[in-house]
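What follows is a short report on a single structure.
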Protein chains: 2
Amino acid sequence: MRLSAADVEAGYALACQTVVEGDARVRVPPQEKIERLLETDKTAAKITVPFFYDPVQHQSIRRVCLHIESPSLADNTDDMSRLRRALAQETGITDVRARLPMLQKLAAVLRSGDWNVTVVIETDTWDMPGGPPRLVDVLLGDRSDENWGLAIDIGTTSNVVYLVDLLTGDVIQQAADYNGQIRRGEDVISRIIYASKNGGLEELQGLVVGTLNKLIGRVCRQQEIQPSGIHKATVAGNSTMMHLFLALPPQSIRLEPYVTTVNEVPSVRAAEIGLNINPEATVDCLPGVASYVGADITAGVVSSGMLDVGDITLFIDVGTNGEIVLGDGSWLITCACSAGPAFEGAGVVHGMRATRGAIEDVWINGATAEPSYRVIGGGKPKGICGSGLINLLAEMFITGVIDKSGNLNHSLNTPRVRTGEHGDEYVIAWGAETDHGDDIVITPPDIDNLLRAKAAIYAGFASLAQSVGVDVGDVHQMFIGGAFGQYLNVEKAVQIGLLPDLSWDKFHFLGNTSVKGAYMALLRRDIRAEIDAAASKMTYLELSADNTFYEHFTSALFLPHTDIERFPSVAAVLEESRS
Amino acid sequence: MRLSAADVEAGYALACQTVVEGDARVRVPPQEKIERLLETDKTAAKITVPFFYDPVQHQSIRRVCLHIESPSLADNTDDMSRLRRALAQETGITDVRARLPMLQKLAAVLRSGDWNVTVVIETDTWDMPGGPPRLVDVLLGDRSDENWGLAIDIGTTSNVVYLVDLLTGDVIQQAADYNGQIRRGEDVISRIIYASKNGGLEELQGLVVGTLNKLIGRVCRQQEIQPSGIHKATVAGNSTMMHLFLALPPQSIRLEPYVTTVNEVPSVRAAEIGLNINPEATVDCLPGVASYVGADITAGVVSSGMLDVGDITLFIDVGTNGEIVLGDGSWLITCACSAGPAFEGAGVVHGMRATRGAIEDVWINGATAEPSYRVIGGGKPKGICGSGLINLLAEMFITGVIDKSGNLNHSLNTPRVRTGEHGDEYVIAWGAETDHGDDIVITPPDIDNLLRAKAAIYAGFASLAQSVGVDVGDVHQMFIGGAFGQYLNVEKAVQIGLLPDLSWDKFHFLGNTSVKGAYMALLRRDIRAEIDAAASKMTYLELSADNTFYEHFTSALFLPHTDIERFPSVAAVLEESRS
């Protein structure tokens, strides 16, 4: 946010423009307060498993109650072999393996449980299919009437956990919160830079695990279970988030040629990363494809059902970045667009995150250029969030407040278009209406940022399509994932040229496809294998090495596009509104 | 040691006989000083591999130098996949797995080594034969001209490590020291009791690992390598030592029905137990059979060659306990005798460990009953160690100083047999000759302790033999392992009835068969599998549940045995000496 004359008079200066010549006291303002309930807290009702799930056939984690024969002088077989023998008799499972921490507690549990125990057995993990089963836990008495797992989505901005009943497959509790790493950088790039500082990687790892542990504590309290009773977790997230979660140095993700340490992450145990579930629990991090197409996208592709539809489908997840997948299931091509954080309100004078007080929708009266708007939480507006900005841009364009290049129309007879302190601007809300008493405006630099963001995403679609010889208009359906998608107005998004001009019934909003994919992989081994197969199958198109991307980008810097024929429905609306 | 009148006068009292009625200051005397070089330090020369060894065919650890293609925009495959690809091209090894700590360092090593690295790969571990290979380490540059492993023997009394060149199979360095746990108890029973105290188990684990780390540091300094350059260790030791090494609670080993937590220990990584070699290195603990027949014995059976001879063989390892194996390779039966620590000098008035100042050999003149003796280190004697006690007992018996029940012959014309402060005794060394100025004597209770110890071992032989319908005299050869065996005089041991009366050429002294077994298993996968097979094949005879043991024990409480016909060579010597 630039400074007004009043700000300057009050002694404010821009840190980035100021040379410190002597000692200075630096005060970092408290983190922006989270005032809007996160999506998942609003829909925190139980989710009934939406597909066929058989815990014996599909699940890698199983609880079995065992009555083990106690030892005698005539049979002084060791504890572990007795357990093995009883398990084989009860289930036919042989050759179960125990790691050291399990053996360290075995003698005491067997004896205090009078040789009646419940064993938690893991079989056929994704990275060792057909490998030996593993003893994950031994519990006193019969505890086979429950079995818990966790699906986790690590977003750059927000983290989500689902507590899942592995017997029924239902999501019993869910919780979400902002990623604690935000205090060290809003986007992946600033986090990667922070991670390269001394101790930075460990700090960021601790911050995200801290957030997740808080959420785990919350769902466990709600359900009245112990975190140690959760014996498996599946994790989705973009490649940078996955690196930071696992304390893998992420530097090479940021530097050309943009390489991750590993896309197909091995199973780790919760204790290795400090996740507060059972320390022996497998934490299964889903596979990514490249530095900027991570496990959130492979999870999303599978959970969206894109692999099953058979028609050419476009999948997009607009979060802090925009990742796009095009394909029909038999082939898949993917790319990532550095849309920048404009749709999250960054780089825009009155931009803000989609929290309480954000203008989330705007309509402009074509005759008067007077706007009306809707505010999240209903009170006075403080700023404008991503969905509000898209709708504002579309309305300004359709009503002629701006032209196809995004220039403000000063010939309109309205005080809303004016030259203010920061230069030209359009006033969305007068100070009298706002929370802070200042006018909420949008300026030409804001509009340029938004045009670049939407152009990057459209150029991503166009580049992918061109690379396989398909026209964007040939897409049979478009799946939109990510929290952002849920608030997106398709009509307006098409009008600014962010989304291709398809008929509205072809757009499907799928919400958080990343956590859904983690949830599905948590439950079903076959779906976990599908995610692996999808990751292997995806061809990654590196846009920074692709000249056609820049051509598409340049063409898409207009509203809706240089070539209006690509947007016939928008042409029709313009025709109508200006007639 | 009981108190003399002078001691009592000086104010000494026996702690076990004293009631503390007020505040008291307790002073624990410093640990007995180690003054004798340990066996392995005396023979610390390099050992050339004594059997066929091919590092490619036999070894699970392999170093491979890789020149990995550096990434580009056209090929931004992740680091781990690049390593995999290069390894497959170089060696044909596919599907190598890396655990998290390896991935955490991968990016930095690859880049600082300019993509020229040496990978350490582990294949076919004993507990996952045919399983996926594992990336154990990544080193800068070409380091494929070396490869290090460690063979470890954890004795109750002393610990031994061999530093092994895995390229040639030779033992390059070795070191030994007393087990640091000694300060918390001399024998396994007192250590098990200590382990049940709060924090006791963790302390004992730390003590033995501390001793081993000191030895590892010593061999690494001698060879001028880093401990992190050792990528595999194989460990032998009795079941209690193995439990304490792995921090497995050992309580049930001591309590009827004497059950271990686990006999077949899974592979652990060095980091899990704090062993100071490469943290990712596999530490392979060899399998035991029962609470009192541990991995030291399975390792000993295989390293002794007992499985290959085809004839009925008796193997015995007399350490702090006596473990015996009888068999011909196609069958094996084993038992453990609580010989007690008499042969280590405990429970004997002037008994001491085999350190500097101990009388290790004694001869008695049959005419005068005058003894002569040899002292370890050559100086004045301080006491008498196990081998000295056996030889003393035999000489006293053959020369008639004691009768077959161990009673002193007071009718001899010698001041050596007398009634002293503690009652009857035989004087081995007059105060004028000794280090401390006091007479060194042996008393009837000492003799009883020694008789019980030797009777327990002989009863073990006899019980094993009877259980399979074999006569002890039918044994074709006898293998004697353990440090104790090295100082044992067969003639004298037979004369007291500790060893069966076989012709001398049937006795083979093999030294520390436990560390030899660990060394062989370290080098050769097939030998490691043989040890597993031997452990599975051994039938354990629980003597405490066997009445015949007590009958044999009672019969063996005489010199050499109730039934002198079992010891014809001794009968002949007696005949001769008394004629």
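Residue numbers begin at 1 in each chain, while the letters A, B, ... track the order of the sequences.
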**Message:** Taking side chain as everything from C-beta outward and backbone as N, CA, C, O, which of these in Asp95(A) sits under 4.5 Å from a heavy atom of chain B? Side chain, backbone, both or neither.
**Reply:** neither

**Request:** Tell me, for Val268(B) versus chain A, whether the close heavy atoms (under 4.5 Å) come from the side chain, the backbone, both or neither.
**Result:** side chain

**Minimum side-chain heavy-atom gap Phe245(A)-Val283(A) below 4.5 Å** = yes

**Asked** For Glu323(A) and Thr334(A), does a side-chain donor sit closer than 3.5 Å to a side-chain acceptor?
**Response** no

**Request:** Search all heavy atoms of Ala534(A) against all heavy atoms of Leu332(A) and return the closest pair with its distance.
**Result:** O-CD1, 4.2 Å

**Request:** For chain B, find which of Val289(A), Leu83(A), Leu103(A), Leu106(A) contributes the most heavy-atom pairs closer than 4.5 angstrom.
**Result:** Leu103(A)

**Request:** Answer yes when Asp284(A) and Arg528(A) have at least one side-chain N-carboxylate O distance shorter than 4.0 Å, and no when they do not.
**Result:** yes

**Item:** side-chain contact (heavy atoms from CB on, under 4.5 Å) evaluation trace for Leu541(B) with Phe549(B)
**Value:** CA-CA 10 Å; Leu541(B) 184 66; Phe549(B) 174 76; over 6 Å; no

**Message:** Heavy-atom pairs under 4.5 Å with chain B - which of Pro132(A), Ala247(A), Pro249(A) has more of them than the others?
**Reply:** Ala247(A)

**Prompt:** Does any heavy atom of chain B fall under 4.5 Å from the side chain of Thr261(A), the backbone, both, or neither of them?
**Reply:** both

**Request:** Before giving the answer on side-chain contact (heavy atoms from CB on, under 4.5 Å), spell out for Val293(A) and Cys335(A) the whole-Å C-alpha distance, their side-chain angles and the decisive distance to 0.1 Å.
**Result:** CA-CA 7 Å; Val293(A) 176; Cys335(A) 71; 5.9 Å; no

**Request:** Considering only heavy atoms, give the residues of residues 192-208 of chain A separated from chain B by less than 4.5 Å, sorted numerically, with 'none' for an empty result.
**Result:** none

**Asked** Quick one: what part of Ala74(A) sits under 4.5 Å from any heavy atom of chain B, side chain, backbone, both or neither?
**Response** neither

**Request:** Mind running side-chain contact (heavy atoms from CB on, under 4.5 Å) on Asn238(B) and Tyr292(B) for me, showing each step along the way?
**Result:** CA-CA 7 Å; Asn238(B) 67 52; Tyr292(B) 295 103; over 6 Å; no

**Fill in**
Note: vs chain A, highest number of non-hydrogen pairs under 4.5 angstrom among Pro71(B), Ser544(B), Ser267(B), Ala107(B) is Pro71(B)

**Fill in**
Ranked by heavy-atom pairs below 4.5 Å to chain A, first place among Gly131(B), Pro101(B), Ser72(B), Gly288(B) goes to Ser72(B)

**Request:** Given salt bridge (Lys or Arg N to Asp or Glu O under 4.0 Å), test Glu122(B) with Lys232(B) step by step and report yes or no.
**Result:** CA-CA 9 Å; Glu122(B) 183 174 50; Lys232(B) 184 180 169 192; 5.9 Å; no

**Request:** Can you tell which part of Ala290(A) gets under 4.5 Å to a heavy atom of chain B, answering side chain, backbone, both or neither?
**Result:** neither

**Prompt:** Does the side-chain hydrogen bond (donor to acceptor under 3.5 Å, both in side chains) test come out yes or no for Asp124(B) and Ser60(B), once each step is laid out?
**Reply:** CA-CA 6 Å; Asp124(B) 279 329; Ser60(B) 64; over 6 Å; no

**Message:** Can you tell me which portion of Glu542(A) sits under 4.5 Å from chain B's heavy atoms? Options are side chain, backbone, both or neither.
**Reply:** side chain

**Prompt:** For Thr77(A), is it the side chain, the backbone, both, or neither that has a heavy atom closer than 4.5 Å to a heavy atom of chain B?
**Reply:** backbone

**Closest-packed option against chain A by number of heavy-atom pairs under 4.5 Å, given Asp79(B), Asp78(B), Asp75(B), Asn76(B)** = Asp78(B)

**Request:** Verify whether one side chain among Asn278(B) and Asp137(B) offers a donor that lies under 3.5 Å from an acceptor in the other.
**Result:** yes

**Request:** List the steps and the verdict of side-chain contact (heavy atoms from CB on, under 4.5 Å) for Leu212(A) and Ile152(A).
**Result:** CA-CA 8 Å; Leu212(A) 295 175; Ile152(A) 297 175; 3.7 Å; yes

**Request:** Could you tell me which non-hydrogen atom of Met102(B) sits nearest to which non-hydrogen atom of Val136(B), and how far apart they are?
**Result:** CE-O, 3.0 Å

**Asked** Checking Arg82(A) against chain B: side chain, backbone, both or neither under 4.5 Å from a heavy atom?
**Response** neither

**Asked** Contact part of Leu110(A) toward chain B, heavy-atom cut-off under 4.5 Å: side chain, backbone, both or neither?
**Response** neither

**Prompt:** Out of Glu256(A), Glu264(A), Gln251(A), which one racks up the most heavy-atom pairs below 4.5 Å with chain B?
**Reply:** Glu256(A)

**Asked** Taking atom types as modelled and ignoring hydrogens, do the side chains of Ser291(A) and Arg254(A) form a donor-acceptor contact shorter than 3.5 angstrom?
**Response** no

